[in-house]
There are 2 protein chains.
Amino acid sequence: MEETRYSITELAEEFGVTSRTIRFYEDKGLVSPEREGLTRVYSRSDRARLKLILRGRRLGFSLQDMKKMIELYDPSQGSMDQLKFTLQKCEDQLAKLKSQRTDINEAISELEQGIRDLKEYKDKGPAEMNSQKLKLA
Amino acid sequence: MEETRYSITELAEEFGVTSRTIRFYEDKGLVSPEREGLTRVYSRSDRARLKLILRGRRLGFSLQDMKKMIELYDPSQGSMDQLKFTLQKCEDQLAKLKSQRTDINEAISELEQGIRDLKEYKDKGPAEMNSQKLKLA
DNA sequence: ATTGTAATTGACGTTTACGTAAACGTCAAT
DNA sequence: ATTGACGTTTACGTAAACGTCAATTACAAT
């Protein structure tokens, strides 16, 4: 089995982040690559972790959450507790996202209405507009 | 005409923010209530501004943006420039929100799938699962 | 006058996810 | 021997939108 090795810049480019970011994750205890002298050498599993982290980030998880969840995939066995933890976090996050989506949808509606009003105000002039329509007091 | 007057805590409670927040907005030049000695006294128009600010916040505008946009409703006339500025900001923000919504929708789908996989993994046990399904490398 | 309640100010803390700068080491290639 | 590209560390900076705290006043009621 070839030992696949990655450099920090290699992974940074592949995942579209800066090497600073990857080092930052290491600081937070999310990855711990080997060292050859000072240079970091990433294994295939390090790369997988990284991928997972970035995926979690896209889904809106905090790095702390990711740290705990990622332990599910460690050399050790995926214990039931870890599994439950991850599942719970996922469901929490799902709820959060859905709530956010609701908020955003409302904001979009309000904005769209606002834009319509503003355009009308611009075209017809302030004269024949009642300020109520612009949602003022 | 009665001069309606509000205290800082009154408004804070009405709008569900802390008085610190309101003072913070003042710091940023978003409201400038009268003073009686040191005490802030808010007028009906101050209250309207505040309402507008909070509304903007809900819609995801920055305080800076709100500051500029809010001048539209100043004693001075709502100049065409201000109107255009506001309209532009609204459209920018609308675009931002729509893009966010897309991201969130994708995240929700991914999460829902992930949750399904995790549950399956939990029930059927690790044995008959291929790790690919859990999106690992 | 004292107690209590509110308000004020200023300064520093918080959170998240990094960016940036300084100053230096390493290594391959020329 | 030098150049260039990359790497390292430490430490401080950034952005937003406040929160928290402490010290100080102000004012109202007792």
Side-chain angles (χ1 to χ4, degrees), chain A residues 5-42 46 49-70 89 92-93 96-97 100 103-104 107, chain B residues 5-42 46 49-70 89 92-93 96-97 100 103-104 107:
Chain A
R5 297 151 50 89
Y6 307 88
S7 78
I8 193 168
T9 27
E10 214 171 336
L11 290 180
E13 282 175 10
E14 175 177 356
F15 294 131
V17 297
T18 68
S19 49
R20 181 66 188 81
T21 298
I22 296 179
R23 273 181 233 115
F24 178 74
Y25 291 160
E26 185 173 341
D27 242 41
K28 299 291 159 179
L30 293 171
V31 258
S32 348
E34 299 286 301
R35 295 295 178 108
E36 255 167 33
L38 292 178
T39 307
R40 291 162 170 82
V41 179
Y42 296 82
D46 289 329
R49 283 176 92 104
L50 226 39
K51 210 171 176 178
L52 216 58
I53 294 163
L54 274 328
R55 181 160 179 268
R57 192 181 63 166
R58 277 205 334 275
L59 299 180
F61 289 102
S62 74
L63 296 186
Q64 276 206 336
D65 283 349
M66 286 312 296
K67 186 182 177 177
K68 295 203 74 179
M69 288 168 53
I70 222 169
K89 281 290 172 187
D92 289 355
Q93 184 60 18
K96 228 186 258 175
L97 286 175
Q100 273 185 41
D103 290 350
I104 285 186
Chain B
R5 299 152 47 89
Y6 306 89
S7 77
I8 194 168
T9 26
E10 215 171 336
L11 291 181
E13 281 175 12
E14 176 177 356
F15 294 132
V17 296
T18 68
S19 49
R20 183 64 187 85
T21 297
I22 296 179
R23 272 181 233 117
F24 178 75
Y25 291 159
E26 185 174 341
D27 243 40
K28 298 290 159 177
L30 292 171
V31 260
S32 346
E34 300 285 300
R35 295 295 178 109
E36 258 167 32
L38 293 179
T39 306
R40 291 160 171 83
V41 179
Y42 296 83
D46 289 330
R49 283 176 91 103
L50 225 38
K51 211 171 175 177
L52 216 57
I53 295 163
L54 273 327
R55 182 162 178 268
R57 194 180 65 163
R58 275 203 338 273
L59 299 181
F61 289 103
S62 76
L63 295 185
Q64 275 206 338
D65 283 348
M66 286 313 296
K67 185 181 178 177
K68 295 203 76 178
M69 289 168 53
I70 223 168
K89 281 289 172 190
D92 289 355
Q93 184 60 19
K96 228 186 260 176
L97 286 174
Q100 272 185 42
D103 289 350
I104 286 186

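Labels below follow one simple rule: chain letters A, B, ... track the order of the sequence lines, proteins then strands, and each chain is numbered from 1. Small disclaimer: the values here were computed from a predicted structure and weren't measured.
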Legend entry - Rounded interatomic separation in angstrom, taking CD1 from B:Ile8 and P from D:dC18: 13 Å
Inset, instruction - With DNA chain D as reference, determine whether B:Glu36 or B:Leu54 sits nearer its 5' end, using the nearest nucleotide of each. - result: B:Leu54
Inset, instruction - Identify the nucleotide, in any strand shown, that forms a Watson-Crick or G-U wobble pair with C:dT30, with both distances under 3.5 Å; if there is none, say none. - result: D:dA1
Inset, instruction - Quick one: look up who C:dG13 pairs with, Watson-Crick or G-U, both distances under 3.5 Å, and put none if it's unpaired. - result: D:dC18
Inset, instruction - Establish whether the base of C:dT8 is bridged to the side chain of B:Arg23 by a donor-acceptor pair shorter than 3.5 Å. - result: no
Inset, instruction - Take atom CD of B:Gln64 as the centre, draw a 6.0 Å sphere, and report whether it contains more than 12 heavy atoms from other residues, nucleotides or ligands. - result: no
Inset, instruction - Please determine, for the side chain of A:Thr9, which listed nucleotide (C:dA17, C:dA7, D:dC6) has the closest atom? - result: D:dC6
Inset, instruction - Figure out the CZ/C1' separation between A:Phe24 and D:dT8, and round it to whole Å. - result: 18 Å
Legend entry - Nearest-nucleotide 5' precedence on DNA chain C, B:Arg40 against A:Thr21: B:Arg40
Legend entry - Value rounded to 0.5 Å, distance of CD1 in A:Ile53 from CG in A:Asp46: 9.5 Å
Legend entry - Euclidean distance, atom CG of residue A:Leu38 to atom C1' of D:dG7 [Å, nearest integer]: 8 Å
Inset, instruction - Rounded off to whole Å, could you give me the NZ-to-C1' distance for the B:Lys96 and D:dA16 pair? - result: 12 Å
Inset, instruction - Would you classify A:Thr18 as touching base, sugar-phosphate or nothing, given that sugar-phosphate means primed atoms plus P, OP1 and OP2, and contacts are heavy atoms under 4.0 Å? - result: sugar-phosphate
Inset, instruction - Report the distance from atom CG of B:Leu63 to atom P of D:dA15, rounded to the nearest whole Å. - result: 14 Å
Legend entry - Atom pair distance, as rounded to whole Å: CZ in A:Arg35 and C1' in D:dG7: 10 Å
Legend entry - Toward the 5' end of DNA chain D, by each residue's nearest nucleotide, B:Arg20 or B:Gly37: B:Arg20
Legend entry - B:Leu11 CG - C:dA6 P separation (whole Å): 17 Å
Inset, instruction - Output the single nucleotide from D:dC18, D:dT8, C:dT8 whose closest atom is nearest the side chain of B:Arg57. - result: D:dC18
Inset, instruction - Provide, to the nearest angstrom, the distance between the CD atom belonging to B:Glu26 and the P atom belonging to C:dG10. - result: 11 Å
Inset, instruction - Would you tell me if any nitrogen or oxygen in the side chain of A:Tyr25 comes within less than 4.0 Å of OP1 or OP2 on C:dC18? - result: yes
Identify all side-chain donor-acceptor contacts of residues 23-34 of chain B below 3.5 Å with residues at least two apart in sequence or on another chain.
unit_1  : atom_1 : unit_2  : atom_2 : d
B:Arg23 : NH2    : B:Ser19 : OG     : 3.4
B:Glu26 : OE1    : B:Arg40 : NE     : 2.6
B:Glu26 : OE2    : B:Arg35 : NH2    : 2.9

Legend entry - Atom pair NZ/CD of A:Lys51 and A:Glu14 - distance to nearest 0.5 Å: 7.0 Å
Legend entry - B:Ile104 backbone acceptor or donor facing A:Gln100 side chain under 3.5 Å: no
